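Each remark here refers to the structure printed beneath this line.
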Amino acid sequence: MKPIAATNDFVVKFANVNGSGSASANGMFAKVVLRMGVPVGARNIFPSNIQGLPTWYEVRVSEAGWLGRRGGVDLMVAMNPQTWDADLKEIMPGGYLLYDSSKPLPASKFRDDITIIGAPLTELIAAEFSVPRERQLFKNICYVGVLAHLLGLESDTVKQLLTEEFKGKDKLIQPNFKAFELGRAYAEANIAPIGLRVQRSDKVGDRIFAEGNDAAALGAVYGGATFCAWYPITPSTSLAESFQKYCTMLRKDADGKNRFAIVQAEDEIASIGMVIGAGWAGSRAFTCTSGPGISLMNEFVGFSYYAEIPAVIFDVQRGGPSTGMPTRTQQSDLLLAAYASHGDTKHPMLFPGNPTEAFEFGAQAFDLADFFQTTVFVMLELDIGMQEWLTEPFKWDEKRRLNRGKVLTYEHLEQGVPFGRYRDVDGDAVPYRTYPGTHPTKGSYFTRGSSHDKDARYSEKGEDYTEGMQRLLRKWDTMKSHVPAPIIKKAKKRTPDGVIYMGSTDPAMEEALCALESHGIHLDALRVRAFPFSNEVFDFIRDHEQVFVVEQNRDGQLKSLLVNEGGVHPARLVSVLHYDGTPITARFIIKDITEKLQAGQAAALPEKAK
Amino acid sequence: MKPIAATNDFVVKFANVNGSGSASANGMFAKVVLRMGVPVGARNIFPSNIQGLPTWYEVRVSEAGWLGRRGGVDLMVAMNPQTWDADLKEIMPGGYLLYDSSKPLPASKFRDDITIIGAPLTELIAAEFSVPRERQLFKNICYVGVLAHLLGLESDTVKQLLTEEFKGKDKLIQPNFKAFELGRAYAEANIAPIGLRVQRSDKVGDRIFAEGNDAAALGAVYGGATFCAWYPITPSTSLAESFQKYCTMLRKDADGKNRFAIVQAEDEIASIGMVIGAGWAGSRAFTCTSGPGISLMNEFVGFSYYAEIPAVIFDVQRGGPSTGMPTRTQQSDLLLAAYASHGDTKHPMLFPGNPTEAFEFGAQAFDLADFFQTTVFVMLELDIGMQEWLTEPFKWDEKRRLNRGKVLTYEHLEQGVPFGRYRDVDGDAVPYRTYPGTHPTKGSYFTRGSSHDKDARYSEKGEDYTEGMQRLLRKWDTMKSHVPAPIIKKAKKRTPDGVIYMGSTDPAMEEALCALESHGIHLDALRVRAFPFSNEVFDFIRDHEQVFVVEQNRDGQLKSLLVNEGGVHPARLVSVLHYDGTPITARFIIKDITEKLQAGQAAALPEKAK
Amino acid sequence: MTYLAKPPLHHPSLERNAVGFTRRDYEGRISTLCAGCGHDSISAAIIQACFEIDLEPHRLAKFSGIGCSSKTPDYFVSPAHGFNAVHGRMPSVLTGANIAAKDLIYLGVSGDGDSASIGLGQFCHAVRRGVNMTYICENNGVYGLTKGQFSATSDKGSKAKKGAENKDSPIDLVMLALQLGATYVGRSFSGDKTQLVPLIKGALSHKGTSFIDVISPCVAFNNHVGSTKSFDYVREHNEAVNRMDVISPRAPIRADYKPGELKEVVQHDGSILRLRKLEHDYDATDRNAALGYLARKATEGEIVTGLLYVDPEASDLHDGLNTVDCQLNKLTDQELIPPLSALEKINASLR
Amino acid sequence: MTYLAKPPLHHPSLERNAVGFTRRDYEGRISTLCAGCGHDSISAAIIQACFEIDLEPHRLAKFSGIGCSSKTPDYFVSPAHGFNAVHGRMPSVLTGANIAAKDLIYLGVSGDGDSASIGLGQFCHAVRRGVNMTYICENNGVYGLTKGQFSATSDKGSKAKKGAENKDSPIDLVMLALQLGATYVGRSFSGDKTQLVPLIKGALSHKGTSFIDVISPCVAFNNHVGSTKSFDYVREHNEAVNRMDVISPRAPIRADYKPGELKEVVQHDGSILRLRKLEHDYDATDRNAALGYLARKATEGEIVTGLLYVDPEASDLHDGLNTVDCQLNKLTDQELIPPLSALEKINASLR
Ligand SMILES: Cc1ncc(C[n+]2csc(CCOP(=O)(O)OP(=O)(O)O)c2C)c(N)n1
Ligand SMILES: Cc1ncc(C[n+]2csc(CCOP(=O)(O)OP(=O)(O)O)c2C)c(N)n1
Ligand code: SF4
Ligand code: SF4
Ligand SMILES: [Mg+2]
Ligand SMILES: [Mg+2]
């Protein structure tokens, strides 16, 4: 088997034990490649546990800029005896294995179609460090040293990064240098060069390496959010933590007082309740959670819909149903969020496709919520939220103002502007509201989830009820042109086939489209970025004979929404579904779409359901 | 205006004040008509309040047997000054008004196109009774006396019913007789006969007059339910109360001990949690609630789906969203219940169309839940649950056994039957389970909502997860042929048009079909009785060019489910929607369908969504 | 925020308070509760208290859950914004609003079902956070609106109207509030306006979490013999530990009582709680003693009423959160949106 | 229900208990918790206790919510059915199972996040219903599984690993359990097996609701200086009020202590709790005194441990529900389905 030879285009995977401190060394590896100008797609795969279970870090080095997961491993850094066998299996024929050769292993533990690279990491480190925790930690940076030599990483760049990383804890810098050098020097002296190389390039540009949760939290800060009520849950916890971090950095006044508030609530019901209370009183407020939290928030979301109160919920989706796979990624809360709560309800959702959009939508969600006075879901995913993505830098227009929607002030009321809480004054079905305490005699009203008339008075009259419910439908229509529009990429050639997708599928889809094209398969592509869908989405469907809908769930939830809201014939939408909890890959998409096209399956309408 | 003349075919409406004791007198009126062999459709319309607000009782007398709400009033018994004006408006031209003439009212308070009938009820009663509460109560039975004369009700039948009603409280019988006689005699002496008559007939047969909640509770008793955990909420409360009543009657052992348990939980989350705990341990358990409760139960319902635990939820639907209209009827929790909880989930639902089916499905739900090890929703509606319907008597096959599904016993395990909690042994995707404490060394397993393998062990492996999720889909397929099949009524003539509906729409639809037919409009009709839909439902749709879907919600939720599960082109399903909280009427259906047929709207596919 | 007083549309004979409002300005819509319901008396006491402490009516913010009791905020102080939340979740909504607009006076009204059953978690957690509010539980021992089921505050052995006996241990919200750090705790009876009005006044003037449990008989479903929440039962077992007057910060201080008999507590806003002891060794500023006393009396079947505990030095949630003085809902774009330069720095740190 | 004992596959040297099982039969799967986590010590104590009270392992039913603590039922007594519910809702699931199959021994394991935050309502209500169970809260003052946020049992002023200070009042589950009617209440420390094992044994033998709060330090996130739930802090502030032995119904009674020093409590199943007082005026059968004592000590910053309260005469939920002796899940069709005649009578009554 010929060893794989590739420059700036391969996959390295690190197999470690949770809690062993490998994350920072592995992240360092990815960042070195980035600093060398070569794009990287990196993903942590971790267990729902604190210490002792297997964890992996997968780095795709791709000069071409493909940032989705590729599938297959070219170089495995196998540091976890527990998963050794499975890890070895994943290496592509001709690939490489780097392992800790301090303890001899029987030949039967290896494969003969790959290149085996041993480095006595434990020994090297033991010789220089004595504290057990240090030994554990520095072993990680030591294998980065080995890799630096093997792959041609620039030592200076590594050292520069280490220096930045440990700024403030300066006494850690030298030992890290030493551990790195131990590995690098050992490799230089003992290991023959391999076929994989990283070569300096210029494909990174001004892009940043950012996590979606962190970005969304920063977006919330720029979007004027003053209050976060939350309850910890993987994979959304880091969003609240980042909000805390950025607020502490950017929202303290001169006396050290906070222009923000963060409350860790007792549960998700209390979180959304607080958000609704604050939204009602005129503060921009949000909560962040994952599937189980959304299930619990159902009642309040319906309240927000019917009583028309702004709220923002970041749903960082994980593998469902139930507790499911808390540390795996999915796009499977769509149906629940779209129609959350009993009775007839509909809720807007935004689907950021990368951390940059997480930032943008993280801000825009608050304008939408305030303007439409309803709950806006920002549908993040673990794959975006908790992974660092190479993404466009965050941008903000300094002239941009917060759009607080239709709020009557003391002055308006004094001037005699009439106020009826649920009246459609402007013909867009969006009513006016007042904040509590606005005016001594005008503008007060009573908010309730029970049926009410245009002036917010309790009413059991059928006409009052239907009038309100119909206005809410008209408001929904207004929304369609206010939410982020889809992004359409035309194929190079005219084609009857299209593909619709959303969120974290973006990089894999970009790669797949390119590959399919090279096989002569042309697809126009539309990335949905919001619900309700704008007309462009349905125009796109109308303009194609068949449209693949690629999503990361079992039941084709996006397809369901398209059919339900657009009156589309389901047979024209062909589902491509990936839902085992790992991020979708270009390979999967290419294979599935190619097979479906070949089988002509999509074209033949199922007999039963014409 | 000619006074309306009608025998055994008119509508009487009583306008009263909540808490004034009118309900029992009004119910008496309906029962008298029934005992005279004339079918009656009767509905309470009550506020979300305990005392002092308006309440109505509408009785449709219909020899033809139309039991749906008709719309319009022929005779108004106006006992509530608060609603006088609105009540008078509702009377059809040529109709009748009965009012308490003890206090004179100005002529401007009346209409001149109706017949005004005054009876000095307060005076009549005041002359004979002195306790204020008695005066209030007996005034009600007094107007029944007046009506008896006006409409030709049999006094003996009234007295018979009063005697039955007050059995055990015998000292109340004579005063009731007296109050009745006061009214009757006054009318006889002072009021000219009117055009409306009740005439003895034989159209009631052996039918019973029963409430759906009561029937469902009785069904649960026959279905072997031993445990009810619930939290009070209108309109479901009476279901739990009836379960208590019937269990006390039918499930006490010789020592007076209970072969059942009922726990009023602290909320809906605890209710469903207890039900799931009991179901897991092998007792048939249920909860009953309404929309807000379903919203709160979402998380546990997803747990039940994924961990495969039997549970039964009676959802007595009311007007949503949010607190909405607690005392009004709707069919608007379908979407929520069908896909409750985050992640990919689907839950079976049964749609009883009358109290008799509420009884049947109330029992069958437990067999289904046990067999399929999942949550089964019985989707009642306020209109069925809290109204007395004239309906077929309850039937039970004495040979019928409870189907407890696939449970391995001590003996099985001893005999070495292998056990793996989530293995598909029989090819129907339904696994075996054991109750706790079954065997000292075999058959224990660990139940969890997190991802697991076939033997219920924790697993984060994508293959284990997808295998389980796919089996759940196959289980769903198995279910389709086990749930109650739809009921199909063919039109007299071959027709390209069909109609699909469910639940309480049944009587109005029957009447509408008959009327449409007489106008030359032929529709094949299918009443859906369960979700997942069986093949017959989709065959029916396939066999028609257009199918009206009649439902009592704003968003066409049944249509959404049909489209989503059956791959049906939405344009072929034309929604007929009634959702103001009042029960749907034949008039509404006829009008809407006729208009839609005329407009040809259904035929033309909308441009945007072909 | 101060505005001109309400234009004087009212009957001139109606007395005005220091901020220029008449008692009628504190009224609400017509109650739809049963005639004789205890809850209506509590509404009247709230109206009286708001009037007497010279609260501009729009500076009140009213919250409730679901239940007969929770309907009442519609029946008092109409010029104030009101919020009828979902069942049992009023505390969280109130907390959120308070975080957004801290200068208003927060009043939460709830029932025993709303607070002690479905809402127990939120009740406890709002109390332990020290949300600056007055929380009144209109406690009738039943679910009124759903027609008479036992609530979690029903005493063990108490009988339902139809005869069933309650078997579960009761939840005493006063004990919980004390234990979880409430800084103003009282109990009263809807039938005792003289006691109730000052308790509410003191609570509304208190900074921190005030909780008042008001036994409020349900005439429709829980006022029969055998119920421990009936008018008669409460009258017989009511044991007031003190009587209170609340003296506004502006009122001249008079000292016409003998020392010892009286205790004066000065609250954060300058108002004075003047407590006359009825139970001579009851000290309303000793939390642990209060807990012990109440536990003992509960075992004896006595209903202890009065101001049970107060900590006039209390801090509140905003102190813990260290928020700016300006209400969060009034911060301007400039105060909220960080400069572009900050964003550029963050971008740079992510390369 | 008794079955043959487990086939003797085990090493012969392992000692067998009275029902023929070895200690190993009570073990579970390998723990995935952090090395040194307090929760693992509690699992070991549970194994020991089940072994010592001669409980056939499959007669245990294990329940938990979500959290590191809630993972542990997988790590002990594998022959028992286990149930990992959703977060904070274990009490309701356990209650339901107990109603269905009352003859099993019910053990609920939870964390302080699971019990005192999201699950507070269910915890309180299960206690007040008197569900016959042993409820153990593995209390580390943090959310372990979500990486170290404060839980509601964190003391005011306690410091997080990264330095933040807790500002909210703590929830003391022992105080709540006492107040809400638990009939066996204890507190212990994961590091004190001598105290913990008998407490668990007594609880498992108790009829009624037993609650044990076990301080169980989280080595990953809450074992630093400044935390009041660290090993060191707990060791320094641990104040045991008594030491207990649990004597099985079968064991011969020995009386080798001086009177006064000892108190013996005979439980429903005949087991005897032999209490040796360490705090001389602490009476573990006086609920109100216990409440007062604990409140005082909590103010002083002391962690009171031991058997804090027991009512050996307690009744349980099934007594209140008046259920038949046969487990509800074993009732036959004949016992469940009423005769056809009954249905006909009902039909007749509806005409
Ligand atoms: C989620 C939810 N569950 C149940 C109900 C039904 N419900 C309305 S009021 C109420 C109880 C009210 O009791 P309480 O708070 O004591 O008020 P009261 O009527 O006695 O004043 C219940 C259970 C509801 N509205 N929402
Ligand atoms: C509904 C829901 N919300 C949040 C979570 C996330 N979550 C998992 S464990 C946990 C807290 C656990 O804390 P504790 O009970 O104290 O257990 P510990 O890990 O400290 O033993 C949380 C919030 C969840 N699983 N479900
Ligand atoms: S039912 Fe009871 S609580 Fe409700 S209004 Fe009537 S008396 Fe008051
Ligand atoms: S994180 Fe804490 S609680 Fe969880 S296993 Fe580790 S030490 Fe135990
Ligand atoms: Mg109440
Ligand atoms: Mg914890």
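Throughout, protein chains are lettered first and strands after them, A, B, ... in sequence-line order, and every chain is numbered starting at 1. Please read all numbers here as calculations on a predicted model, not as lab measurements.
Distance alone, capped at 3.5 Å, is enough to place a donor-acceptor pair between the A:Asn258 side chain and the C:Leu321 backbone. In this structure, the side chain of C:Asn347 does not engage the main chain of A:Pro393 through any donor-acceptor pair within 3.5 Å. Between the side chain of C:Asp333 and the backbone N or O of A:Arg401, no donor-acceptor pair lies under 3.5 Å. A donor-acceptor distance shorter than 3.5 angstrom exists from the side chain of A:Tyr222 to the backbone of C:Pro339, with no hydrogens or angles considered. With C:Arg59 contributing its side chain and A:Gly437 its backbone, the two residues share no donor-acceptor pair below 3.5 Å. No donor-acceptor pair closer than 3.5 Å links the side chain of C:Arg351 to the backbone N or O of A:Phe209. Here the side chain of C:Asn322 pairs a donor or acceptor atom with the backbone of A:Gly256 at under 3.5 angstrom.
In this structure, the portion of A:Gln264 lying under 4.5 Å from any heavy atom of chain C is its backbone and not its side chain. Residue A:Val275 does not touch chain C at all, counting heavy-atom pairs closer than 4.5 Å. Residue contact with chain C, scored on non-hydrogen atoms closer than 4.5 Å, involves the side chain of A:Arg457 exclusively. Of the atoms belonging to A:Ala285, not a single heavy atom falls under 4.5 Å from chain C. Of the atoms belonging to A:Ile262, it is backbone heavy atoms, and not side-chain ones, that fall under 4.5 Å from chain C. Both the backbone and the side chain of A:Ala270 come within contact range of chain C, judged by heavy atoms closer than 4.5 Å. Contact of C:Pro91 with chain A is not made at all, since no heavy-atom distance falls under 4.5 Å. Contact annotation for C:Ser78: only backbone heavy atoms (N, CA, C, O) come within less than 4.5 Å of a heavy atom of chain A. Using a 4.5 Å cut-off between heavy atoms, A:Leu161 makes no contact with chain C at all. At a 4.5 Å heavy-atom cutoff, the contact between A:Thr434 and chain C is made by backbone and side-chain atoms alike. For C:Leu94, no part lies near chain A; criterion is any non-hydrogen pair under 4.5 Å. Residue contact with chain A, scored on non-hydrogen atoms closer than 4.5 Å, involves the side chain of C:Arg29 exclusively. If you measure heavy-atom distances from C:Ala80 to chain A, the contacts under 4.5 Å come from the backbone alone. Interface remark: A:Arg284 contributes no atoms to any contact with chain C (heavy atom separation under 4.5 Å). Using a 4.5 Å cut-off between heavy atoms, A:Ala456 does not touch chain C at all.
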Begin from the C-alpha positions of C:Ile99 and A:Val263 and carry the test side-chain contact (heavy atoms from CB on, under 4.5 Å) through to its verdict. CA-CA 10 Å; C:Ile99 282 173; A:Val263 171; 3.7 Å; yes

One pair to check against ring-ring contact (aromatic ring centres under 6.0 Å, His included): A:Tyr445 and C:Phe83. What are the steps and the verdict? CA-CA 9 Å; A:Tyr445 69 96; C:Phe83 197 118; 9.0 Å; no

Carefully, step by step, assess A:Phe446 and C:Lys62 under the rule side-chain contact (heavy atoms from CB on, under 4.5 Å). CA-CA 9 Å; A:Phe446 204 87; C:Lys62 310 173 292 185; 4.2 Å; yes

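Under 4.0 Å is where a charged nitrogen must lie from a carboxylate oxygen, and between C:Asp74 and A:Arg448 at least one such pair does.
Nearest heavy atom pair, residue A:Lys395 against residue C:Leu343, reads C-CD2, 3.8 Å. Residues A:Trp396 and C:Leu340 come closest through the heavy atom pair O-CD1, 3.2 Å. Between A:Leu250 and C:Ala342, the closest heavy-atom pair is CD2-CB, 3.6 Å. For C:Leu328 against A:Arg259, the heavy-atom pair with the smallest separation is CD2-C, 3.9 Å. The heavy-atom pair separating C:Pro79 from A:Pro440 by the smallest distance is CB-O, 3.6 Å.
No other option in A:Leu34, A:Asp206, A:Leu390 has as many heavy-atom pairs under 4.5 Å with chain C as A:Asp206. Looking only at heavy-atom pairs under 4.5 Å with chain A, the residue among C:Ala97, C:Pro338, C:Ser349, C:Ala100 that has the most is C:Pro338. Ranking A:Arg404, A:Glu266, A:Lys31 against chain C, the residue ahead of the rest is A:Glu266, based on heavy-atom pairs under 4.5 Å. For the options A:Val204, A:Leu218, A:Ile276, heavy-atom pairs under 4.5 Å to chain C are most numerous at A:Leu218.
Taken from OH in A:Tyr410 to NE2 in C:His58, the straight-line distance is 8.5 Å, to the nearest 0.5 Å. Summarising the geometry, atom OH belonging to A:Tyr246 is positioned 5.0 Å from atom CD1 belonging to C:Ile346; distances are rounded to the nearest 0.5 Å. Put simply, OG1 on A:Thr391 and CG on C:Leu350 are 10.5 Å apart, with the number rounded to the nearest 0.5 Å. Summarising the geometry, atom CG belonging to A:Asp255 is positioned 7.5 Å from atom CG belonging to C:Asp325; distances are rounded to the nearest 0.5 Å. Atom-to-atom distance recorded for A:Ser283:OG and C:Lys330:NZ is 11.0 Å, nearest 0.5 angstrom. Summarising the geometry, atom CG belonging to C:Leu331 is positioned 7.0 Å from atom OG1 belonging to A:Thr226; distances are rounded to the nearest 0.5 Å.
Residues C:Ser92 and A:Ile269 fail the side-chain proximity criterion, which asks for heavy atoms closer than 4.5 Å. Proximity of A:Tyr435 to C:Asn329: side-chain heavy atoms (C-beta onward) are separated by under 4.5 Å at one or more points. The shortest side-chain heavy-atom distance between A:Phe300 and C:Val93 falls under the 4.5 Å cut-off. Residues A:Thr447 and C:Asn84 form no side-chain contact, since every pair of their non-hydrogen atoms from C-beta on lies 4.5 Å or further apart. Side-chain contact between C:Leu336 and A:Arg251 is present, with heavy atoms from C-beta onward closer than 4.5 Å.
With hydrogens and angles left out, the side-chain atoms of C:His81 and A:Thr438 include no donor and acceptor closer than 3.5 Å.
Residue A:Lys245 places its NZ atom among more than 12 non-hydrogen atoms of other residues, nucleotides or ligands, all under 6.0 Å distant.
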